[in-house]
Amino acid sequence: MNPPKTDARRHHDPEVRGFASDNYAGVHPEVLAALALANGGHQVAYGEDAYTENLQSVVRSHFGATAEAFPVFNGTGANVVALQAVTDRWGAVICAESAHINVDECGAPERVGGLKLLTVPTPDGKLTPELIDRQAYGWDDEHRAMPQVVSIAQATELGTVYTPDEIRALCEHAHAHGMKVHLDGSRLANAAATLNVPMRTLANAAGVDILSLGGTKNGALFGEAVVVINQDAVSHMKHLRKLSMQLPSKMRFVSVQLEALLARDLWLRNARHSNEMAQRLAEGVRAVHGVEILYAVQANAVFARLPHDVSERLQKRFRFYFWDEAAGVVRWMCAFDTTEEDVDAFVAALKEEMAR
């Protein structure tokens, strides 16, 4: 029996946008154009292609002359590979209790990377030298996993942003203890846009040793990169990437997307826009009686508390997630393609549901 013939067709309404995640957004047209440009003909596989080679110079223009990019499939993979690269088998990673590597990666750093996460509760998702010291001890105690890395996220999982001075202080403190610093930069572009600084100001200039550089949340189809800044801090990156199942065979299609974002200012344009939409959303929400914004809106996320039944009704009109359902806390995310009309329609719907 012959299989039924089907044509590729659109299965969704492209006019529908929600506030659940910046991963819901499509691909920026300039990135799609770059993918088409890289298509056709043959290029050497596994990173020996012209696009991955050129990406290195683009990455060095952002993160210094020693920077080297290792494209991977996704953000969890980037974090797992990066953390493995700067730890021993007995090593541990100090991170915020709310960090993505702790709460949203299904235990991958621990189960796949074989790492121990030493978590610290924070009021706003940000570590400080004093908070780090709650876990920075016991290096000579063979009964305890050895703290070897401090991992921070920029922007944090709660949408807050470290200043350059705060990152520099963390790096100096960690290095003084013989630890290295990893930066989860899945939304590094958003943080840089908020602070109006180059990404290097938040990375190599501040003392970060290795970072996970995001692309998907800022307009790419898929793909991130591990960026090694301190070459002395890592070893065997290529082997770790392969061992962790993060080596794309057709790597040019990851590299060309990152090149499209980073070679000019597309990364910044997209991040600025999503940040601006979050500010517009926060401004509209603040005017709604009974809704409380919980954290400073410093990137493209808005965290709020409102009545549970209102959230459930609103979710039938717009997609978004509960962050802490028991406490009535929700998260609203804006993306590079969120429009002013999307935000205004959402705020209007929120007002309607709050008034019921």
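Since the model is a prediction, treat every value here as computed from it, not as a measurement.
- Arg241 places no side-chain N or O within 3.5 Å of a backbone atom of Val81 that could act as its donor or acceptor partner.
- Remark: side-chain polar atoms of Gln231 are paired, donor with acceptor, to backbone N or O of Thr66 under 3.5 angstrom.
- Residues Phe346 and Trp332 bring their aromatic ring centres within 6.0 Å.
- For the pair Arg317 and Glu352, the salt-bridge criterion is met [side-chain N within less than 4.0 Å of a carboxylate O].
- Side-chain N/O atoms of Asp337 and His273 include no donor and acceptor closer than 3.5 Å.
- The side-chain hydrogen bond (donor to acceptor under 3.5 Å, both in side chains) with Asn275 is formed by just one residue from the set Asn300, Thr194, Asn270; it is Thr194.
- For Phe222, the CZ atom is densely surrounded, since the number of other residues' heavy atoms within 6.0 Å is greater than 12.
- Remark: the Ser244 side chain and the Gln84 side chain contain an N/O donor-acceptor pair separated by less than 3.5 Å.
- The side-chain tip of Arg144 points at the ring of Tyr137 from less than 6.0 angstrom away and within 45° of straight on.
- Side chain of Arg134 to backbone of Val120: no donor-acceptor contact under 3.5 angstrom is found.
- Here the side chains of Leu83 and Val149 are in contact, with some heavy-atom distance below 4.5 Å.
- A donor and an acceptor atom, one from each side chain of Asn190 and Ser274, are located under 3.5 Å apart.
- A salt bridge links Glu353 to Arg356: one of the charged nitrogens lies within less than 4.0 Å of a carboxylate oxygen.
- Atom CD of Glu283 has 12 or fewer heavy atoms from other residues, nucleotides or ligands within 6.0 Å.
- A 6.0 Å sphere centred on NE2 of His12 holds more than 12 heavy atoms belonging to other residues, nucleotides or ligands.
- Within a 6.0 Å sphere centred on CG of Asp140, other residues, nucleotides and ligands contribute 12 heavy atoms or fewer.
- One side chain, Glu105 or Asn79, offers a donor N or O that lies under 3.5 Å from an acceptor on the other.
- Looking only at side-chain heavy atoms (C-beta outward), Ser311 and Phe322 come within less than 4.5 Å of each other.
- Between Leu202 and the options Leu195, Leu211, Ile152, Val208, a side chain to side chain contact (heavy atoms under 4.5 Å, CB included) holds for only Leu195.
- For the 3.5 Å distance criterion, the side chains of His175 and Asp209 qualify, holding a donor opposite an acceptor.
- Here the closest heavy-atom approach between residue Ala205 and residue Thr201 is recorded as CB-CA, 3.9 Å.
- The residues Glu30 and Arg269 are annotated as salt-bridged, a charged nitrogen and a carboxylate oxygen being separated by less than 4.0 angstrom.
- Proximity of a side-chain donor or acceptor of Gln257 to a complementary backbone N or O of Phe253 within less than 3.5 Å is detected.
- Remark: side-chain polar atoms of Gln148 are paired, donor with acceptor, to backbone N or O of Asp88 under 3.5 angstrom.
- Panel note: side chain Thr160, backbone Asp124; a donor-acceptor pair is recorded below 3.5 Å.
- For Gln279 (side chain) and Val297 (main-chain N/O), a donor-acceptor pair under 3.5 Å exists by modelled atom type.
- Looking at Ser212 and Glu224, their side chains never bring a donor and an acceptor atom within 3.5 Å of each other.
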Worked check of side-chain contact (heavy atoms from CB on, under 4.5 Å) between Leu188 and Trp267: CA-CA 10 Å; Leu188 180 59; Trp267 68 273; over 6 Å; no

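- Counting non-hydrogen atoms of other residues, nucleotides and ligands closer than 6.0 Å to CD of Glu312 gives a total above 12.
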Candidate pair His173 and Asp133, rule side-chain hydrogen bond (donor to acceptor under 3.5 Å, both in side chains), full reasoning: CA-CA 9 Å; His173 192 72; Asp133 282 344; 2.7 Å; yes

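- Ion pairing between a basic and an acidic side chain is recognised when a charged N comes within 4.0 Å of a carboxylate O; Asp324 and Arg305 show no such pairing.
- The 12-atom threshold is exceeded at NE2 of His308, counting heavy atoms of other residues, nucleotides or ligands nearer than 6.0 Å.
- The backbone N or O of Ser61 sits less than 3.5 Å from a side-chain atom of Arg200, completing a donor-acceptor pair.
- Remark: the backbone N or O of Met146 is not paired with any side-chain donor or acceptor of Trp90 at under 3.5 angstrom.
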